[in-house]
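Remember, it's a predicted structure, so these values are computed and weren't measured experimentally. Chain A is the first sequence line, chain B the second, and so forth, proteins listed ahead of strands; every chain is numbered from 1.
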Amino acid sequence: MAGDPQAIPRYRIAPSPTGFFHVGGARTALFNWALARREGGRFVLRIEDTDQARDRPQWTTGIIEALAWLGISSDDPTFEGPYFQSANAAAHVAAAERLFAAGHAYYCDLTPEQVQERSTSSGRPGYDGYSRERDLAPGPGRVLRFRVPDGTTIVRDRIRGDVTFEHAAIEDFVLLRGNGRPMFLLANVVDDIEMGITHVVRGEEHLPNAPKQQLMWSALGHGPPMWAHVPVLVNEQRKKLSKRRDKVALEQYRDEGFLAAAMVNYLMTLGWAPAGDTEIVPWAQIEEEFRIEDVTHSPGYFDVKKLAAFNGEYVRALPVDEFVDACRPWLPAHYDLDTFTAIAPLVQTRVVTLAEAPGLVDFLFLDEPQIDEAAWSKAMGPEWAGPLLDAAIDAYGAASWDTDTLKVELERIGAEHGQKLGKAQAPVRVAVTGRTVGPPLFESLELLGRERTLGRLRAARAKLAEPAPMP
RNA sequence: GCCCCCAUCGUCUAGCGGCCGAGGACACCACCCUUUCAAGGUGGCGGCACGGGUUCGAAUCCCGUUGGGGGUGCCA
């Protein structure tokens, strides 16, 4: 029962199926999860599918998969659900009828247009309580409105403290639509009561709903839950993250090769900080230290660059075999796993996301490297480039094929042309990999093998010898 | 318009009346290391929005101003 101090804490998240999982929702879910886990409580997932206009079964699956990716799943006894709000419609209506019978609600036959007209002509915003005392019976097209009493409501918020709302500023809001279907405010409260929810941790955009809902908890005969409204996530313009302008789908980050652990760590430290000088902390520590009371009061900028930095940290911290394994979904079919595994330690420190990994070493798996024109002209520009390539072809034909020898040979050749290794490696790198940057060259050559390396060097030499194409 | 929330480096934050001439992280800059690029190391740049109080003492408490944000649906 809500309000029973003996009861174990029951947290919940109540997402509506929209086709993707919002990063803000992910953060709220994580906050709830951390709290429920540490307090030995429950984490209830309730799908708020009341709005029939938008709902597809697969969207619910998407929510469950997104949560599981974050580490929130029914594998853990803390998890409860999913429940579906639509399945409880009868209870919502029954609660509405009880409120009506008890005088906490009344019917109104005004259309939305009429409400608007009255508001415009009176100059006062919102519904004016027109039908309060008209004592209307239920009927088609009539909405049921909550009778907001005189007075004030104090919402005790674990993050913000006491927030006072004057009832005068709260209009008699709709409980049941003209077609008899329940509204979100009603369904949400009825479900929370039925599910014994004791703690509500949700986005700050719901703060204005809290007094209305608290009034309903009370009218339905219950004390309110413990509220906590966490600040919203904003973009660089400091506007609430929106799916139209911003990249908000958790799935998208997952598909781009962000690690779940990095995402979780980043989200948890957006608005809260663990003790100590580092923000990169394992979940176990987060769970132990996280206090909802310590969450910041102000909106948090969802900084993809910082997320990327976190991800880089997590990628580098992976044991190599795990790194290779994690990369597999992004590896094209023609990539040989053994070769990729061999070069993996060298790509691991050079990527931010897993999706970047294959592109870094594509030259190992192609018949011919993709030559970048800008890289080509930069590396092949010096007059010593051709002769150096000739010397390399000559030396590499006979050299022992290992990283050290390859390096020593090119060092020698470079010196003969008055170039340090840093410069001398450029024409070779472009000839073999097609780019000026990439994993360490001689390790790459060793893996590529003598024949393919020589073939690419000769091809480059031939191309260099061609007369420059006339413009 | 009305209601509500918020305010420490560009960003995320530590700070809960003296330990703060404000600490860390990301980003940025420089240097070191170096076979390119990364990674790593060292150093640097940079902030308590403003004005009044309270107090021996304020980033920390109070009030106001300004500036942001959220809400204001027969959406959730």
Side-chain angles (χ1 to χ4, degrees), chain A residues 14-18 48-51 53-54 85 108 110-112 115-116 123-127 141-145 155 157 159-160 163-166 168-171 173-181 183-185 187-188 203-211 229 231-232 234 236-240 266 269-280 294 296-303 305-310 312-313 316 346-352 360 375 379 403 406-407 410-411 414 420-426 428-430 433 435-444:
Chain A
S16 55
T18 53
E48 303 225 321
D49 53 353
T50 305
D51 185 9
R54 37 166 147 155
Q85 182 157 79
C108 175
L110 253 32
T111 64
V115 170
Q116 180 58 254
R124 272 189 287 272
Y127 178 71
R142 293 182 177 176
V143 299
L144 183 68
R145 285 182 181 272
V155 172
D157 190 283
I159 294 176
R160 285 153 217 286
V163 184
T164 305
F165 294 86
E166 301 289 342
I170 304 175
E171 65 176 39
F173 51 93
V174 175
L175 261 20
L176 252 29
R177 297 173 168 88
N179 63 11
R181 292 177 47 77
M183 291 285 290
F184 154 77
L185 242 20
N188 188 265
E204 189 190 356
E205 66 269 23
H206 286 291
L207 188 50
N209 291 329
H229 290 89
V232 296
V234 299
E236 46 283 288
Q237 276 82 238
R238 299 246 122 216
K239 298 285 186 207
K240 187 170 72 157
Y266 175 67
T269 55
L270 216 189
W272 172 80
D277 274 350
T278 176
E279 294 174 352
I280 305 283
D294 293 337
T296 5
H297 300 179
S298 39
Y301 169 50
F302 186 78
D303 187 355
K305 285 177 104 171
K306 187 158 181 178
L307 203 214
F310 272 49
E313 293 274 351
R316 274 172 256 127
L346 300 178
V347 329
Q348 199 171 357
T349 57
R350 290 173 171 76
V351 296
V352 163
L360 223 55
T403 299
L406 262 17
K407 177 187 176 189
L410 195 67
E411 227 162 39
K420 297 240 197 209
L421 189 51
K423 290 276 191 193
Q425 56 95 43
V428 176
R429 176 182 289 281
V430 172
T433 73
R435 304 194 195 90
T436 53
V437 302
L441 182 60
F442 306 107
E443 288 81 347
S444 302

(request) Output yes when at least one side-chain N/O atom of A/Arg181 is less than 4.0 Å from OP1 or OP2 of B/rA76, else no. (result) no

(message) So A/Leu185 and A/Leu175, do their side chains get closer than 4.5 Å, heavy atoms only?
(response) no

(message) Counting only side-chain heavy atoms from C-beta out, which of B/rU35, B/rU36, B/rC6 sits nearest to A/Arg160?
(response) B/rC6

(message) Once you apply a heavy-atom cut-off of 4.0 Å, does A/Pro439 come out as touching a base, just sugar-phosphate, or nothing?
(response) base

(message) I want to check one thing: is the phosphate of B/rU13, taken as OP1 and OP2, less than 4.0 Å away from some side-chain N or O of A/Thr296?
(response) yes

(request) Find the distance A/Leu270:CG to B/rU13:C1' and express it as a whole number of Å. (result) 10 Å

(message) Any non-hydrogen side-chain atom of A/Val174 less than 4.5 Å from a side-chain atom of A/Arg145?
(response) yes

(message) Distance check needed: B/rG71 C1' versus A/His229 NE2, whole Å only.
(response) 11 Å

(request) Please determine if a side-chain N or O atom of A/Lys306 lies less than 4.0 Å away from the OP1 or OP2 oxygen of B/rU11. (result) no

(request) Give A/Glu279 one of three labels, base, sugar-phosphate or nothing, depending on what nucleic acid heavy atoms sit under 4.0 Å from its own. (result) base

(message) Using a heavy-atom cut-off of 4.0 Å across all strands, would you classify A/Gln116 as base, sugar-phosphate, or nothing?
(response) nothing

(request) Specify the separation, in whole Å, of atom CG of A/Asp294 and atom C1' of B/rC12. (result) 16 Å

(request) Determine whether A/Pro231 and A/Arg160 make a side-chain contact, defined as any pair of heavy atoms from C-beta on separated by less than 4.5 Å. (result) yes

(request) Can you figure out which of B/rC26, B/rC37, B/rA39 approaches the side chain of A/Arg350 most closely? (result) B/rC37

(message) Both A/Met183 and A/Gly300 contact RNA chain B. Which one's nearest nucleotide lies toward the 5' end?
(response) A/Gly300

(message) Taking only side-chain N and O atoms of A/Lys239, does any of them lie within less than 4.0 angstrom of OP1 or OP2 on B/rG68?
(response) no

(request) For B/rC62 versus B/rG68, give the span between their P atoms, rounded off to a whole number of Å. (result) 24 Å

(message) Any base atoms under 4.0 Å from A/Ala426, or only sugar-phosphate, or nothing? Heavy atoms, all strands.
(response) nothing

(request) Please figure out whether A/Pro231 or A/Gly141 has its closest RNA chain B nucleotide nearer the 5' end. (result) A/Pro231

(request) Identify whether a stacking contact exists between A/His206 and B/rA76, where the ring centres must be under 5.5 Å apart and the planes under 30° apart. (result) yes

(request) Please tell me if the side chains of A/His297 and A/Ile159 come closer than 4.5 Å, counting only heavy atoms from C-beta onward. (result) yes

(request) Indicate whether OP1 or OP2 belonging to B/rC75 is found under 4.0 Å from a side-chain N or O atom of A/Arg177. (result) yes

All N/O pairs under 3.5 Å across the protein-nucleotides 40-47 of chain B interface:
{"unit_1": "B/rG40", "atom_1": "OP1", "unit_2": "A/Arg316", "atom_2": "NH1", "d": "3.3"}

(request) Under a 3.5 Å limit for both distances, which nucleotide forms a Watson-Crick or G-U wobble pair with B/rU55, could you say? (result) none

(message) So if I take every side-chain heavy atom of A/Arg429 and compare against B/rA38, B/rA7, B/rU35, which nucleotide ends up nearest?
(response) B/rU35

(request) Determine the Euclidean distance between corresponding C1' atoms of B/rC50 and B/rA39; express it in Å to zero decimal places. (result) 44 Å

(request) Indicate, with a heavy-atom threshold strictly under 4.0 Å, whether A/Leu441 touches base, sugar-phosphate, or nothing. (result) base

(request) Provide the closest heavy-atom pair for A/Leu410 versus A/Ala424 in the form atom of the first, atom of the second, distance. (result) CD2-O, 4.0 Å

(message) In the structure I gave you, are the side-chain heavy atoms of A/Met183 and A/Arg177 within less than 4.5 Å of one another anywhere?
(response) yes

(message) Applying the Watson-Crick and G-U wobble criteria at under 3.5 Å, what pairs with B/rA22? Answer none if nothing qualifies.
(response) none

(request) Determine the Euclidean distance between corresponding C1' atoms of B/rC45 and B/rC2; express it in Å to zero decimal places. (result) 44 Å

(message) Between A/Tyr127 and A/Val143, is there a side-chain heavy-atom distance shorter than 4.5 Å?
(response) no

(request) Side chain of A/Ser298 only, please: which of B/rC37, B/rU11, B/rC6 is the nearest? (result) B/rC6

(message) Counting the atoms with a prime plus P, OP1 and OP2 as sugar-phosphate, which does A/Thr111 contact under 4.0 Å by heavy atoms, base, sugar-phosphate, or nothing?
(response) base

(message) Using the P atom as the point on both nucleotides, what is the distance between B/rG24 and B/rG71, in whole Å?
(response) 37 Å

(request) Check the distance between B/rC75's P and A/Asn188's CG and give it to me in whole angstrom. (result) 15 Å

(request) Could you check whether A/Val143 gets within reach of a base, just the sugar-phosphate, or nothing at all, counting any heavy atom under 4.0 Å? (result) base

(request) Can you tell me, in whole Å, how much space there is between the P of B/rC9 and that of B/rU60? (result) 14 Å

(request) Could you give the distance separating B/rC56 and B/rG64 at their C1' atoms, to the nearest angstrom? (result) 26 Å

(message) Looking only at the side chain of A/Lys305 (C-beta and beyond, no hydrogens), which of the listed nucleotides B/rG71, B/rA27, B/rU36 gets closest?
(response) B/rA27

(message) Categorize A/Leu110 for me: base, sugar-phosphate, or nothing, with a 4.0 angstrom heavy-atom threshold over every strand shown.
(response) base

(request) With C1' as the reference atom in both, quote the distance from B/rU54 to B/rG43 in angstrom, rounded to an integer. (result) 42 Å

(request) Scan A/Phe165 against the nucleic acid and name what it touches under 4.0 Å (heavy atoms): base, sugar-phosphate only, or nothing. (result) sugar-phosphate

(request) State, yes or no, whether a side-chain contact exists between A/Arg350 and A/Pro440 at a heavy-atom distance under 4.5 Å. (result) yes

(message) For the P atoms, the ones on B/rG53 and on B/rG44, what distance do you get once it is rounded to whole angstrom?
(response) 38 Å

(request) Give the minimum heavy-atom separation between A/Leu207 and A/Phe165, together with the two atoms involved. (result) O-CZ, 3.9 Å

(request) Give A/Pro112 one of three labels, base, sugar-phosphate or nothing, depending on what nucleic acid heavy atoms sit under 4.0 Å from its own. (result) base

(message) Are more than 12 heavy atoms, taken from residues, nucleotides or ligands other than A/Arg124, located less than 6.0 Å from that residue's CZ atom?
(response) no

(message) Using a 4.0 Å heavy-atom cut-off, does A/Arg238 contact any base of the nucleic acid, only the sugar-phosphate backbone, or nothing at all?
(response) sugar-phosphate

(message) By the 4.0 Å heavy-atom rule, please label A/Asn209 as base, sugar-phosphate, or nothing.
(response) base

(message) Categorize A/Gly312 for me: base, sugar-phosphate, or nothing, with a 4.0 angstrom heavy-atom threshold over every strand shown.
(response) nothing

(request) Grab the CZ-P distance between A/Arg142 and B/rC74 for me, whole Å please. (result) 18 Å

(request) For A/Phe442, answer base if it contacts any base atom (sugar-phosphate contacts may also be present), sugar-phosphate if it contacts only those atoms, and nothing otherwise; contact means non-hydrogen atoms under 4.0 Å. (result) base

